[in-house]
Amino acid sequence: MGRVEASVKTETEPGAAKVKIYSRAQHNISRSQISENALKVLYRLQGEGYEAYLVGGCVRDLLLGREPKDFDVVTNADPDQVRKVFRNCRLIGRRFRLAHVHFGREIIEVATFRGAGEEQNDNQVLNKEGRLLRDNVYGTIEEDVWRRDFTVNALYYNIRDFSVVDYVGGMTDHQTGTLKLIGDPDMRFREDPVRMLRAVRFAVKLGFKMDPDCEKAMHNDAPLLASIPSARLYDEMIKLFLSGYALQTFEMLRHYGLFQVLFPATETSLSTEENGFPRLLLIKALENSDNRIAEGKTVTAYFLLAAFLWEPVQMLAKQKMARGEIEFIAYQDAASEVISRQVKSTAMPRHISMAMREVWSLQPKFNACTGSKPSRLIGHPRFRAGYDFLLLRSETGTVEPELAEWWGKYQNANENEQRKMTQPPRNSAAKNSGRKRSYHRKAKSSTPNPES
Ligand code: ATP
Ligand code: MG
């Protein structure tokens, strides 16, 4: 694209921003890479006399030669006009009305150009920190562009002539791999602090470097993230950590002081060591999760969250035990308290917190390797997740690796072998000590209550 820069068409209409138009020959987006349904939507809108563009992440990803996650369309038709064009269309959203055009399982999102951001009016509401609460005014493409977050997210692919329309230098930033906010970074982060999380997500996902002004503003504005509703933060957090780049994301979030807003208790636990060992379980969990995604395997939110909050639960339970609470109750109470504090930052759905607790409460049950308990445990619906969690613990030295190995072998054994494996040791001395204790790592143990 660099070589054609000189011939890029620059247009300035009266009152409009300077625009660069990259013709079809000057960029690499081909219609064969665009979802057929997205093309149908674009052509239909155009056929009805409206302007229609692809915009946002899909244009960015197509330019990078990546397969977009979804295709977003933007138009000058208002939502009711869009609805009249498509039968298979539903209007959604309260903060900003959007049209969803349904094609079986694929949904093409069609937004109307948003209006100017400068002047406040009845349709746009800011809170005292400058955060945008409501924003529902329609406008033109020249206005819409300033509402977008990063220059590389603000490129429009025009179905009329297959050109890429660039008002903010997004194409150049694309070529240099720079993530740059449109406008003043501090103001843009104040308007919507979630943009800081998006900055981290895109920097990691695209391998782009952050623009220095954007970085500086992030360091200052990170605490503003605390004002975002916890349900929205949960959604963003999931996108961040189930991306396939969880470890890098985690490191970058910590670097900018954003992680502590999302997971305050985890941040505290990370700065403490146990018996001279840094708390590594979370790091391992993130690494494993990235490896699984790279291998095309699934990862679940509850498993990662169980890893995030494991150390805070351990620490709190130990404090409770030091105050005289019995182990079982201490762990139950600690789990409840840690979860109820966490949901103030990232409100997780109940089925997630339940599954997370199950993973935790299975851990002590893995200590019982004799009798009928192992065969019952293996039938538990969360056995696999519990076992994977046990592996993490064994990799980070908080349970004996032999215990994890035993369970690995036991799962794969036939019934006969399983029976042999679970027979109690013959002599009474061994019987008294039992496998249960022999696998217990004393010095560095963070093994929770023996609920079994
Ligand atoms: P992804 O690949 O994750 O879908 P995306 O850039 O498409 O990335 P979306 O959340 O789908 O992200 O948003 C689509 C577009 O809407 C963005 O590219 C951006 O132009 C704009 N946008 C989304 N969220 C914001 C925001 N918080 N502030 C400003 N613009 C935003
Ligand atoms: Mg998108």
Side-chain angles (χ1 to χ4, degrees), residues 33-35 37-38 41 53-75 92-93 95-100 106-117 124 126 130-136 139 141-157 164-171 173-174 179-208 214 217-218 221 224-225 227-229 232-233 235-245 249 258:
Q33 298 164 286
I34 301 172
S35 126
N37 295 325
V41 171
Y53 300 84
L54 283 181
V55 67
C58 62
V59 179
R60 179 195 70 216
D61 291 346
L62 289 171
L63 285 169
L64 289 172
R66 292 164 175 247
E67 193 184 335
K69 217 170 59 193
D70 43 35
F71 290 86
D72 295 327
V73 169
V74 71
T75 177
I92 59 137
R95 191 173 155 215
F96 190 79
R97 304 274 287 157
L98 297 167
H100 273 181
E106 188 179 15
I107 297 174
I108 305 296
E109 192 168 285
V110 183
T112 307
F113 292 136
R114 292 190 188 198
Q124 200 188 33
L126 299 176
R131 180 153 67 86
L132 214 47
L133 299 178
R134 189 152 39 81
D135 178 13
N136 215 2
I141 184 167
E142 289 90 349
E143 291 166 330
D144 183 273
V145 69
W146 302 105
R147 292 300 182 83
R148 303 201 168 263
D149 46 8
F150 300 98
T151 59
V152 292
N153 282 348
L155 295 166
Y156 298 77
Y157 173 84
V164 171
V165 181
D166 179 7
Y167 287 89
V168 288
M171 210 65 152
D173 290 336
H174 227 281
L179 199 59
K180 194 193 259 172
L181 270 165
I182 301 170
D184 174 57
D186 181 57
M187 195 186 100
R188 299 311 306 280
F189 285 147
R190 278 175 188 280
E191 271 176 11
D192 184 4
V194 167
R195 288 174 187 150
M196 291 184 274
L197 297 182
R198 291 173 58 84
V200 170
R201 183 154 69 87
F202 297 132
V204 171
K205 170 176 157 175
L206 309 172
F208 279 20
C214 172
M218 284 246 285
D221 294 336
L224 296 177
L225 199 59
S227 65
I228 298 297
R232 186 167 175 219
L233 282 190
D235 292 343
E236 291 298 327
M237 184 270 292
I238 291 299
K239 282 188 218 162
L240 281 162
F241 287 107
L242 298 186
S243 62
Y245 309 95
T249 299
L258 293 163

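Both counts, for ligands and for their atoms, begin at 1 and track the order of listing.
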Q. Do the non-hydrogen side-chain atoms of Val59 and Tyr156 ever get within less than 4.5 Å of each other?
A. no
Q) Atoms of ligand 1 less than 4.0 Å from Gly57 heavy atoms? A) 5 (P), 6 (O), 7 (O), 18 (O)
Q: Spell out, as yes or no, whether a donor-acceptor pair under 3.5 Å connects the side chain of Asp221 to the backbone of Phe189.
A: no
Q | Under 3.5 Å donor-acceptor, Tyr157 side chain and Cys58 backbone | A | no
**Q.** Atom indices of ligand 1 within 4.0 angstrom of Lys205 heavy atoms, with elements
**A.** 2 (O)
(Q) Can you classify the ring geometry of Tyr53 versus Phe113 as parallel (below 30°), tilted (30 to 60°) or perpendicular (above 60°)? (A) tilted
**Q.** Test: Asp192 and Arg232 ion pair at under 4.0 Å
**A.** yes
(Q) To check your reading of the model: name the closest protein heavy atom to atom 6 (O) of ligand 1, its residue, and the distance in Å. (A) Arg60 NH1, 2.9 Å
Q | Distance from atom 1 (P) of ligand 1 to nearest protein heavy atom, with residue and atom | A | Lys69 NZ, 3.3 Å
Q) If you look at Asp70, which of its N/O/S atoms is nearest to the Mg ion (ligand 2)? A) OD1
(Q) For atom 28 (N) of ligand 1, what's the nearest protein heavy-atom neighbour? Residue, atom name and distance, please. (A) Arg195 NE, 2.8 Å
Q | Contact partition for Asp72 relative to ligand 1, non-hydrogen atoms under 4.0 Å | A | side chain
Q. What's the shortest heavy-atom distance between Leu181 and Asp149, and which atoms?
A. CD2-O, 3.3 Å
Q) Can you list the atoms of ligand 1 that are under 4.0 Å from a heavy atom of Gly56? A) 18 (O)
**Q.** Arg147: numbered ligand 1 atoms lying under 4.0 Å from its heavy atoms
**A.** 29 (C), 30 (N)
Q) Does some non-hydrogen atom of Arg188 fall short of 4.0 Å from ligand 1? A) no
Would you mind writing out the side-chain donor-acceptor pairs for residues 64-75 within the sub-3.5 Å range, not counting sequence neighbours?
residue	atom	partner	partner atom	Å
Arg66	NH1	Lys205	O	3.4
Arg66	NH2	Lys205	O	2.8
Thr75	OG1	Glu51	O	2.7
Thr75	OG1	Ala77	N	3.1

Q) How does Arg148 reach ligand 1, by side chain, by backbone, by both or by neither, if only non-hydrogen atoms under 4.0 Å count? A) both
Q) So, does Phe150 sit close enough to ligand 1 that a heavy atom of it is under 4.0 Å from the ligand? A) no
Q.
Quick test: of every protein heavy atom, which one is nearest to atom 19 (C) of ligand 1, and how far off is it to 0.1 Å?
A. Asp149 OD1, 3.4 Å
Q) Strictly under 4.0 Å, does any heavy atom of Glu191 approach an atom of ligand 1? A) no
Q: Mark yes or no for whether Arg114, through its side chain, and Glu143, through its backbone, hold a donor-acceptor pair below 3.5 Å.
A: no
Q. Looking at side-chain heavy atoms only, is the closest gap between Arg60 and Phe150 below 4.5 Å?
A. no
Q: Ignoring hydrogens, just give me the one of Met196, Arg201, Arg198, Glu236 whose non-hydrogen atom is nearest atom 10 (O) of ligand 1.
A: Arg198
Q | Val168 side chain reached by Arg148 side chain, heavy atoms, under 4.5 Å | A | no
Q. Which atoms of ligand 1 are found less than 4.0 Å from any heavy atom of Asp192?
A. 26 (C), 27 (N)
